[in-house]
Amino acid sequence: MTTPLKRRLRLLVVTRPDPACGRGLAQVVAECVEAGATAIELRDKSALARELLEQADVLVNIVQAAGALFLVNDRLDVALACGADGVHLGPEDIPIGAARQVVPPGFLIGYSTDDPVEAATAAADGADYLGVGAVYGTLSKEGLADEAIGPARIAEVLAAADLPGVGIGGITPESAAEVARTGAGIAVLGAVMNALEPAEVVRELLRAIG
């Protein structure tokens, strides 16, 4: 039986090319899924398509072998080429409807928004899940350090779309439970990628959200 998407989005780790621990990204991703991360999203805004595909080809095998979801940020072409489980799009990327027309059955499309109306539109266009943030503000994405929507907005956005989703932005083991109580999964970048022991942070987050 297929695991419901909501559970597969319980803990999504978003990558960056140079984890602070000094180990290679493939090693860090392997540690994270072994520790229990249920999804990995490859994110590298500066990589060329060929470079990103080379990373994706390595990571997709590691992640899927562990039973976790492998998603690619922004780049639908790379996601399809590597056999990813899905792509995560934003307002500046290819429209959801256009993407849905060319992806295979079962391919996941995520979308980033903190607006209930936009969330409902995304659902109508074919999105499978939402990323909602920045919950507490974040330094991992330019311009969002002082923009904190708070946990209550997550529930409002997901309800408007009637979709599962993740809260993202500044989430730590200390704040994860508050986000989980909204019914959303947890997505983290800095908390894990900035850690000297990423797998331990994954375990702390999982303990926090129960």
Side-chain angles (χ1 to χ4, degrees), residues 1-90 93 99 103-112 127-131 140 164-168 171 173 176 184-195 197-207 209:
M1 186 174 71
T2 303
T3 303
L5 181 56
K6 180 177 179 178
R7 181 154 184 82
R8 301 197 76 185
L9 293 171
R10 183 173 175 234
L11 177 56
L12 167 63
V13 174
V14 183
T15 71
R16 76 176 196 204
D18 54 344
C21 65
R23 298 188 288 281
L25 183 58
Q27 178 61 38
V28 169
V29 166
E31 293 172 7
C32 288
V33 293
E34 184 178 350
T38 58
I40 299 290
E41 180 182 320
L42 174 60
R43 182 180 187 269
D44 187 342
K45 298 290 189 179
S46 63
L48 299 176
R50 181 180 293 273
E51 296 170 339
L52 194 66
L53 180 58
E54 289 173 354
Q55 295 180 57
D57 281 338
V58 173
L59 298 182
V60 67
N61 293 321
I62 296 170
V63 175
Q64 292 178 343
L69 288 175
F70 183 68
L71 309 167
V72 177
N73 181 269
D74 293 350
R75 298 299 301 261
L76 178 61
D77 54 346
V78 172
L80 290 171
C82 75
D85 296 292
V87 67
H88 192 90
L89 303 174
D93 298 321
V103 302
F107 186 90
L108 299 173
I109 298 177
Y111 186 73
S112 293
D128 295 291
Y129 73 92
L130 300 175
S140 298
V166 294
I168 187 168
I171 298 171
I186 306 296
V188 292
L189 195 162
V192 171
M193 291 291 126
N194 292 339
E197 294 299 335
E200 181 52 38
V201 176
V202 167
R203 286 188 283 266
E204 290 176 7
L205 287 162
L206 290 169
R207 285 194 293 267
I209 63 180

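These numbers were taken from a predicted model, which means no experiment stands behind them.
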**Q.** Flag side-chain contact, heavy atom, 4.5 Å: D85 against Q64
**A.** yes
Q. What distance do E54 atom CD and L48 atom CG have between them, rounded to the nearest 0.5 Å?
A. 10.0 Å
Q.
Are there over 12 heavy-atom neighbours, none belonging to E51, within less than 6.0 Å of that residue's CD?
A. yes
Q: Using a 4.5 Å cut-off on heavy atoms from C-beta on, say whether the side chain of F107 contacts that of L80.
A: yes
Q: Start with the C-alpha distance between L130 and S112, add both sets of side-chain angles, then the distance that settles side chain to side chain contact (heavy atoms under 4.5 Å, CB included), and finish with yes or no.
A: CA-CA 6 Å; L130 300 175; S112 293; over 6 Å; no
Q: Apply side chain to side chain contact (heavy atoms under 4.5 Å, CB included) to I168 and V188, showing your working.
A: CA-CA 6 Å; I168 187 168; V188 292; over 6 Å; no
Q) Under 4.5 Å between any side-chain heavy atoms of V13 and V202, yes or no? A) yes
Q. For D44 and Q55, which heavy atoms make the closest approach, and how far apart are they?
A. OD2-NE2, 3.2 Å
Q: Using the side chain to side chain contact (heavy atoms under 4.5 Å, CB included) rule, pick out the option among V60, L52, V14 that qualifies with L42.
A: L52
Q) Out of curiosity, I171 CD1 to I186 CD1, how far, rounded to the nearest 0.5 Å? A) 4.5 Å
Q: Taking the side chain as every heavy atom from C-beta outward, state whether L206 and R10 have any atom pair closer than 4.5 Å.
A: yes
**Q.** Interatomic spacing from CG in L59 to OG1 in T15 - rounded to 0.5 Å
**A.** 7.0 Å
(Q) Could you tell me if the side chain of R16 sits less than 4.5 Å from the side chain of N194, heavy atoms only? (A) yes
Q | Shortest non-hydrogen contact between C21 and V28, atoms and distance | A | SG-CG2, 3.5 Å
Q. Side chains of L25 and D18: does their closest heavy-atom pair fall under 4.5 Å?
A. no
Q. What are the two closest non-hydrogen atoms of A30 and V33, and how far apart are they?
A. O-CG2, 3.4 Å
(Q) Quick one, I62 and I40 - any side-chain contact, counting heavy atoms below 4.5 Å? (A) no
Q | Among R8, H88, K6, side-chain hydrogen bond (donor to acceptor under 3.5 Å, both in side chains) partner for Y129 | A | H88
Q.
Going by salt bridge (charged side-chain N to carboxylate O under 4.0 Å, His left out), name the residues that satisfy it together with D128, two or more places apart in sequence or in a different chain.
A. R100
Q: Measure across P198 and C32 and return the closest heavy-atom pair with its distance rounded to 0.1 Å.
A: CB-SG, 4.2 Å
Q: Answer yes if the side chains of Q27 and E31 hold a donor-acceptor pair under 3.5 Å, and no otherwise.
A: yes
Q.
For a quick test of reading the model, state the closest non-hydrogen atom pair linking A191 to V201 and the distance between them.
A. O-CG1, 3.4 Å
Q) Is the shortest heavy-atom distance from the side chain of V103 to the side chain of L76 under 4.5 Å? A) yes
Q. Got a second to check how far L69's CG is from L9's CG, nearest 0.5 Å?
A. 6.0 Å
Q: State which residues pass salt bridge (charged side-chain N to carboxylate O under 4.0 Å, His left out) with D74; sequence neighbours excluded, sorted by chain then number.
A: K45
Q | Euclidean distance, L12 CG relative to E41 CD, rounded to 0.5 Å | A | 5.5 Å
**Q.** Chi angles and distances behind the side chain to side chain contact (heavy atoms under 4.5 Å, CB included) call for R7, T38
**A.** CA-CA 8 Å; R7 181 154 184 82; T38 58; 6.0 Å; no
Q. What closest approach, in Å, do F70 and C82 show between heavy atoms, and which atom pair accounts for it?
A. CE2-SG, 3.9 Å
Q) With sequence neighbours left out, what residues match E200 under side chain to side chain donor-acceptor pair (under 3.5 Å)? A) R203, R207
Q. Where the side chain of N61 meets the backbone of V58, is there a donor-acceptor pair that is under 3.5 Å apart?
A. no
Q. Yes or no on side chain to side chain contact (heavy atoms under 4.5 Å, CB included) for R43 and L189, after CA distance, side-chain angles and deciding distance?
A. CA-CA 10 Å; R43 182 180 187 269; L189 195 162; 4.0 Å; yes
